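Remember, it's a predicted structure, so these values are computed and weren't measured experimentally. By convention in this document, chain letters (A, B, ...) are assigned in the order of the sequence lines, proteins followed by strands, and residues within each chain are numbered from 1.
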Protein chains: 2
Amino acid sequence: MTDIKLAEKQVFVQNSALRDAAKTALMEAVASKMAAPNKKEAQHDPLNEVIELLFFAYRDFTSDPDAILADYDFGRAHHRVIHFVGRHPGITVAQLLAILGITKQSLARVLKQLVEEEYVIQKTGTRDRRQRLLHLSNKGEQLERRLSEPQRKRVSKALNQAGPEAIDTFRKTLLALINQEDQATVEKLTGKGSTKGETS
Amino acid sequence: MTDIKLAEKQVFVQNSALRDAAKTALMEAVASKMAAPNKKEAQHDPLNEVIELLFFAYRDFTSDPDAILADYDFGRAHHRVIHFVGRHPGITVAQLLAILGITKQSLARVLKQLVEEEYVIQKTGTRDRRQRLLHLSNKGEQLERRLSEPQRKRVSKALNQAGPEAIDTFRKTLLALINQEDQATVEKLTGKGSTKGETS
DNA sequence: AAAGATATGTCAACATGACTGACATAAAAT
DNA sequence: ATTTTATGTCAGTCATGTTGACATATCTTT
């Protein structure tokens, strides 16, 4: 008696329903249960708190562009490429690989698409003609702005809410979270804009 | 004349080599080029800076556990489950789904493994016997500690380096980065520890 | 008590974005 | 002239996410 009536009334609670309701309704459920008095393990370590906050913050932070990307049939991988090429025009493939921390085969897949669809332009290096210096086309720049806008707004809002010293403290903390060896490099990287020194 | 000599001398620069050298040597290369004087687009927006820092910080932040996980043939998905079950013992499957923002089919795959290998224990709810309240076994708690230790150290170090007000400011900023609708929920969630109110 | 809704689980097929390994070409460096 | 470097590409695999369909046990409602 439990085998034929299902499909009609259950479907609506199936997959994405759980996802979409998740960030709202179901989260409420979580919270309410949470409100119940706990017993033990109230490990109220602020460190653990920060770790969880990082998880949620990053999740939401990346969700903005994800939605936009879907329109273009692109994924996060494309976004990362667009972002770093946009912020560091003239970057080489090797540099991009180093920054992204992925293999060239992985990069190739998305980069190829981006070049074919003319979001990214490859210019042969003049100093070293083996290099392919990467730039955004106008189209690419447009997409970049579209993608970064919600993120900038989100960050801006958050920093404002957190107070005037937040910009500085937040930046300092993030930098200190990065692997020691890379901190100096990243500092230079984010401090500057382009990757020039040569161009075609 | 370029078709038979390859495999011997190239292999070492192949895949992971690029990855491993990446975070050190190649990053250096990036930095040096960066140092070259730029021309235009010095969009020195601190917002963009923060966005990139977030990317790097989160990347390194998650790399600690990733390495450990490999020993167990687990991935990030397992880590997330272990983390949230560990920090919120007695959490239900539905709640976990809401937090993780994935489908139950995705969760099932990793949860099944974790239960089979006895890192996670399912207890039937007493108030609602349909629920499976999730807990870590001792084994699971050990793994949880092993995984969170490097992250806690990293965060701790970063907060110290960033100054005394960093804990508070960093937490505030992260919270404000989260989707408005979820902020209150997450605050409760991270503030408390367990998910009890009932147990078996 | 019967009917419906909910919490959980499971099979199967598919997409994305990583990875490894192997091989290629053009250009620079030795 | 030889070797190394920067880039690209084919092929196969793996982890993790997604839909869709269906099952079972246990509340909840009528």
Is there a donor-acceptor pair closer than 3.5 Å between any side-chain N or O of [X] and the backbone N or O of [Y]?
X: Arg171(A); Y: Val50(B); result: no
X: Thr92(B); Y: Gln131(B); result: no
X: Lys139(B); Y: Glu117(B); result: yes

Closest to side chain of [X], choosing from [options]:
X: Leu111(A); options: dA6(D), dG8(D), dG9(C); value: dG8(D)
X: His78(A); options: dG17(C), dT18(D), dT7(D); value: dG17(C)
X: Ala77(B); options: dG9(C), dG17(D), dG21(C); value: dG17(D)
X: Ala108(B); options: dT10(C), dG21(C), dG17(D); value: dT10(C)
X: Thr103(B); options: dT20(C), dT8(C), dT19(D); value: dT19(D)

Worksheet item: Side chain of Gln105(B), base of dG20(D): donor and acceptor closer than 3.5 Å?
Response: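 Donor-acceptor pair under 3.5 Å: yes.
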Discussion item. So for Arg109(A) and dG17(C), does any side-chain atom that can act as donor or acceptor lie under 3.5 Å from a complementary atom in the base?
Written reply: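 By the distance-only test, yes, there is a pair.
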Short heteroatom pairs, N/O only, protein and nucleotides 28-30 of chain C, under 3.5 Å:
{"unit_1": "dA28(C)", "atom_1": "OP1", "unit_2": "Arg129(A)", "atom_2": "N", "d": "3.1"}

Which whole-number value in Å describes the distance from [X] [atom1] to [N] [atom2]?
X: Asp66(A); N: dT16(D); atom1: CG; atom2: P; answer: 18 Å
X: His79(B); N: dG17(D); atom1: NE2; atom2: P; answer: 14 Å
X: Lys104(A); N: dT5(D); atom1: NZ; atom2: C1'; answer: 10 Å
X: Gln95(A); N: dT5(D); atom1: CD; atom2: P; answer: 16 Å
X: Gln131(B); N: dA5(C); atom1: CD; atom2: C1'; answer: 14 Å
X: Leu97(A); N: dT9(D); atom1: CG; atom2: C1'; answer: 14 Å
X: Ile102(B); N: dT18(D); atom1: CD1; atom2: P; answer: 7 Å
X: Glu116(B); N: dG9(C); atom1: CD; atom2: P; answer: 12 Å

Practice prompt. Just say parallel, tilted or perpendicular for the rings of Tyr58(A) and Tyr58(B), cut-offs at 30° and 60°.
Written response: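 Correct class here is parallel.
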Worksheet item: If you group Ile, Leu, Val, Met, Phe, Trp and Tyr by side-chain heavy-atom gaps below 4.5 Å, do Ile121(B) and Ile91(B) land in one group?
Response: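 No, Ile121(B) does not connect to Ile91(B) through the hydrophobic network.
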Worksheet item: When all nucleic acid strands are considered with a 4.0 Å heavy-atom cut-off, which category describes Gln122(A): base, sugar-phosphate, or nothing?
Response: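 Sugar-phosphate contact only.
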Fill in: Side chains of Leu189(A) and Phe56(B) in contact at under 4.5 Å (non-hydrogen atoms)
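Contact flag for Leu189(A)/Phe56(B) side chains = yes.
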Check residues 77-85 of chain B and write down every donor-acceptor pair under 3.5 Å in which the side-chain atom is one partner and the other belongs to a residue at least two apart or another chain.
{"unit_1": "His78(B)", "atom_1": "ND1", "unit_2": "Gly75(B)", "atom_2": "N", "d": "2.8"}
{"unit_1": "His78(B)", "atom_1": "NE2", "unit_2": "Gln113(B)", "atom_2": "OE1", "d": "3.3"}
{"unit_1": "His83(B)", "atom_1": "NE2", "unit_2": "Glu52(A)", "atom_2": "OE2", "d": "3.1"}

Worksheet entry | Below 4.0 Å: OP1/OP2 of dG17(C) and any side-chain N or O of Ser106(A) |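 Ser106(A) to dG17(C) OP1/OP2: no side-chain N or O under 4.0 Å.
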